[in-house]
Protein chains: 2
Amino acid sequence: MTQTRRRGADLEQAVYQATREILNTEGLSQLTFAKVAAKAQTSKPVIYRHWETPFSLALLAIQDKIKADNHGQLDQVVLTGESLAADLLLVTQRFTASMDAFGKTFMESWFEGVSHDDSAQLKQMLAKVRKIDLNAIDRVLERAVTRGELTGTDLPEKLKLLPFEWLRYRMLAKESIGSAELRLLVDDILVPTYLHRLGPKN
Amino acid sequence: MTQTRRRGADLEQAVYQATREILNTEGLSQLTFAKVAAKAQTSKPVIYRHWETPFSLALLAIQDKIKADNHGQLDQVVLTGESLAADLLLVTQRFTASMDAFGKTFMESWFEGVSHDDSAQLKQMLAKVRKIDLNAIDRVLERAVTRGELTGTDLPEKLKLLPFEWLRYRMLAKESIGSAELRLLVDDILVPTYLHRLGPKN
DNA sequence: CAAATAAGAAACTAAAAGTATCTTAGTGAC
DNA sequence: GTCACTAAGATACTTTTAGTTTCTTATTTG
């Protein structure tokens, strides 16, 4: 009987597929060459011959997926909005949608492989931090009200947390955070945003 | 001779200290009980008796540090600004400063333990994504200019990338992203921000 | 000072990562 | 079609690392 034996691009595809499945279900920390080989129905040496590390395999598997379903290069969205706001909504919607291919697999991976207990502890910790962040902003807003710059402190929490979340992201991505970034954040983002909601001449 | 042998809080401190050193130099993925034991000059069984997993040890070690140097509970900043912008700058400055204790150790950890090659590959990938994001926004801005909503498309890249970075953070932190969040982002953050810089009646 | 408790050393077990060897299927040249 | 070459896949092996066990002894507590 003719024992079929995959090779080349064929095999590569099977490996990438298997890799993504593991990433989605167990996360990056659980991605091992042995598991990939098993799931792709091949053997360890094959994987070791072709790829350096589980991490680089993960990157390639995700890039492969992105290439494959070109489902929404973000800059190819057809813009049909009748206003800036409408167009922006289209773009951000498409962005979150296509994050399923890239971001979800890719970013969540980092946090998978953390036990249930640990995850709970982490959540609790983040909740504590969030409360502190909110307090800090509230005090700033109250002072602004006293000064007459704002008419109230009633902002959605998401808005109040925006600066911290943005800065945390930049830290994570190792983007620079200096006085230039902070000024931009305050003068061009936060103040206009707050004034838009709570400005005196609304 | 009296062989000193640490125990209790004393030992705990040494272990936390060692844990943080490893986190800072090698990252979470390289944090093992064996290494901690070695660096803290104790033995594996001691660590195994006290802590569940390297991850939970990491969390505790960081929390310990935060408690120890109370250097700047964010909501205890003394606000001395004479304007909303000035106060906000104080808060964000303090935030980034105290990130050294929490965030830097904590967040960067996720990406450490990735080989040099892998790290480069990752960077390249993110750069590609950034370019796509910028293109998308540029097209939106150009349409807005044609429509007369904006006077130009000359925005700092950081501003253009804001929505994507914010959404990515929320994804990472497993915060919800639905139409409510997107509307908030567009109507209350992006549009006011863009108008502030490029609005027609400036 | 005696008893209880917990630290530390060392050796051990189990499991996982990584490697070497060999057989054989698929590919292409002649 | 045959032959040579390349790469897949099986198997068994070595090495490393995680996790455990046992035992000794320093330190605390009463």
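The chains referred to below are lettered A, B, ... by the order of the sequence lines, with proteins before strands, and numbering in each begins at 1.
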Cationic N near anionic O, under 4.0 Å, B:Arg197 to A:Asp188: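 Salt bridge between B:Arg197 and A:Asp188, a charged N being under 4.0 Å from a carboxylate O: yes.
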Side-chain ion pair, B:Glu26 and B:Lys35, N-O less than 4.0 Å: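 Yes.
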Nucleotide nearest [X] when distance is taken to its side chain, options [options]:
X: A:Arg5; options: D:dA7, C:dA7, C:dA10; result: D:dA7
X: B:Val46; options: C:dG8, C:dT19, D:dT27; result: C:dG8
X: A:His50; options: D:dG9, D:dA8, C:dA20; result: D:dA8

Using a distance-only criterion (donor-acceptor N/O pair, under 3.5 Å, no hydrogens), is the base of [N] paired with the side chain of [X]?
X: A:Arg7; N: C:dT27; result: no
X: B:Lys44; N: D:dG19; result: yes
X: A:Arg49; N: D:dA8; result: yes

What integer distance in Å separates [X]:[atom1] from [N]:[atom2]?
X: B:Leu11; N: D:dT27; atom1: CG; atom2: C1'; value: 13 Å
X: A:Ile47; N: D:dA7; atom1: CD1; atom2: P; value: 16 Å
X: A:Glu12; N: D:dA8; atom1: CD; atom2: P; value: 10 Å
X: B:Phe33; N: D:dT21; atom1: CZ; atom2: P; value: 16 Å
X: B:Asp10; N: D:dT28; atom1: CG; atom2: C1'; value: 14 Å

Short side-chain N/O contact from B:Thr42 to OP1 or OP2 of C:dA7, under 4.0 Å: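 Indeed not, no polar side-chain atom of B:Thr42 lies that close.
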A:Lys158 side, atom NZ; B:Leu185 side, atom CG - distance, nearest 0.5 Å: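 Here the interatomic distance stands at 11.5 Å.
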Worked verdict on B:Glu21 versus B:Gln17 for side chain to side chain donor-acceptor pair (under 3.5 Å): CA-CA 6 Å; B:Glu21 276 172 36; B:Gln17 179 60 38; 3.2 Å; yes
Sugar-phosphate, base or nothing in reach of B:Ser43, heavy atoms under 4.0 Å: base
